[in-house]
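What follows is one structure encoded as structure tokens, with my remarks underneath.
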Amino acid sequence: MPAAFFARPAVQVARDLVGCVLRVDGVGGPIVETEAYDRTDPASHSFAGPTRRNASMFGPAGHAYVYRSYGLHWCLNLVCEPGSAVLLRALEPRYDPATMAARRGLDDPRRLCAGPGRLCQALGVTDAQDGVPLDRAPFHLAFGAPDGTVVACGRIGLTRAVETPWRFLVAGSRFVSRPVRPRPRQGD
DNA sequence: CTACCGATCGCCT
DNA sequence: GGCGATCGGTAGC
């Protein structure tokens, strides 16, 4: 995965990452769900400029940005253009599912990596990986074709920019965190 | 299947 | 002091 792949707008990278295979120390699988965030985006951590927490978002493209969510969980982003990143929300638990099951305390493959916090727990990602490059150990990223059609919809869990269609997922995948959210029609 | 709640803490106003 | 790029449990349809 060349560095130039990440040095692009996060929305493009987010779409292209669906189908690519992520492994951390060998544990992982094909990415099935992503979200894009950038500096112009009111829902992005980078919207108000650099802080201690989001420093990695303003660092080099192709590195990790890991943050703590709700004081409990870790979430993994892949840094793109300065101040932008792609949040990894779900993947298919294809490689070393036994390790993921042990870390998660369950073995239902549909629940192992379905959500940004679950994904990090299954792959062993913590703030120890914040700011580290993605092109060397423990990370391994490889191109791959998505197992179905990639569709875009609004992002999950936000209160701002709810309708911005920057969530990308494999339509019909059993491994996504939530199904496609339809855009509300006029009159709803 | 969806809906609500509590946990828990870094970051912001 | 308030609010999240969340999750697991419980309740209800």
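Worth knowing before you read on, the calculation uses all heavy atoms, side chains too, and leaves out hydrogens, waters and symmetry mates. A, B, ... follow the sequence lines: proteins, then strands. Residue 1 opens every chain.
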For A/Val150 against A/Val18, the heavy-atom pair lying closest together: CG2-CG1, 3.8 Å

Would A/Arg53 and A/Asp130 pass as an ion pair if we require N to O under 4.0 Å? no

For A/Leu158, report the nucleic acid contact type (base, sugar-phosphate, nothing); a contact means any heavy atom under 4.0 Å. sugar-phosphate

Would you sketch DNA chain C in dot-bracket for me? Only Watson-Crick or G-U wobble pairs with both distances under 3.5 Å count, crossing pairs as [ ], other-strand pairs as |, the rest as dots. ||||.|||||||.

Taking A/Glu81 first and then A/Arg8, would you say they form a salt bridge - that is, a charged N and a carboxylate O separated by under 4.0 Å? no

Rounding to 0.5 Å, atoms CG (A/Leu78) and CE (A/Met57) come to a distance of 11.0 Å

Can you check each nucleotide of nucleotides 7-12 of chain C against protein heavy atoms at under 4.0 Å and return B for base, S for sugar-phosphate only, - for none, in 5' to 3' order? SS----

Can a salt bridge be assigned to the pair A/Glu35 and A/Arg89 using a cut-off of 4.0 Å between side-chain N and carboxylate O? yes

In whole angstrom, give the distance that lies between atom CH2 of A/Trp74 and atom C1' of C/dG4. 15 Å

Would A/Tyr37 count as stacked on C/dA5 if the rule is ring centres under 5.5 Å and plane angle under 30°? yes

Atom CG of A/Asp135 with >12 non-hydrogen neighbours under 6.0 angstrom: yes

Could you measure the distance from the NE2 atom of A/His63 to the CG atom of A/Asn77? Nearest 0.5 Å is fine. 14.5 Å

Ignoring hydrogens and geometry, is there a side-chain-to-backbone donor-acceptor pair from A/Ser46 to A/Gly83 under 3.5 Å? yes

What's the gap between B/dG10 and C/dG8 when it is taken at their C1' atoms, as a whole Å value? 22 Å

Just verifying a value: how many Å separate A/Thr164 OG1 and A/Leu158 CG, rounded to the nearest 0.5 Å? 8.5 Å

Considering only nitrogen or oxygen atoms on both sides, find all protein atoms under 3.5 Å from nucleotides 11-13 of chain B and state each distance.
unit_1	atom_1	unit_2	atom_2	d
B/dC11	OP1	A/Arg53	N	3.4

Return the value, rounded to whole Å, for the distance between atom CG of A/Leu78 and atom C1' of C/dA5. 14 Å

Heavy-atom donor-acceptor pair, A/Tyr67 side-chain to C/dA5 base, under 3.5 Å: yes

Let me know the distance between CG of A/Asp38 and P of C/dA5, rounded to the nearest Å. 15 Å

Check A/Asp41 with A/Arg160, please: is the shortest side-chain N to carboxylate O separation under 4.0 Å? no

A/Leu76 CG to C/dT6 P: how many Å, rounded? 14 Å

For C/dG4, does OP1 or OP2 lie under 4.0 Å from any side-chain N or O of A/Thr159? yes

Evaluate ring pair (Phe, Tyr, Trp, His ring centres under 6.0 Å) for A/His45 paired with A/Tyr37, printing each intermediate quantity in order. CA-CA 8 Å; A/His45 290 168; A/Tyr37 293 86; 7.3 Å; no

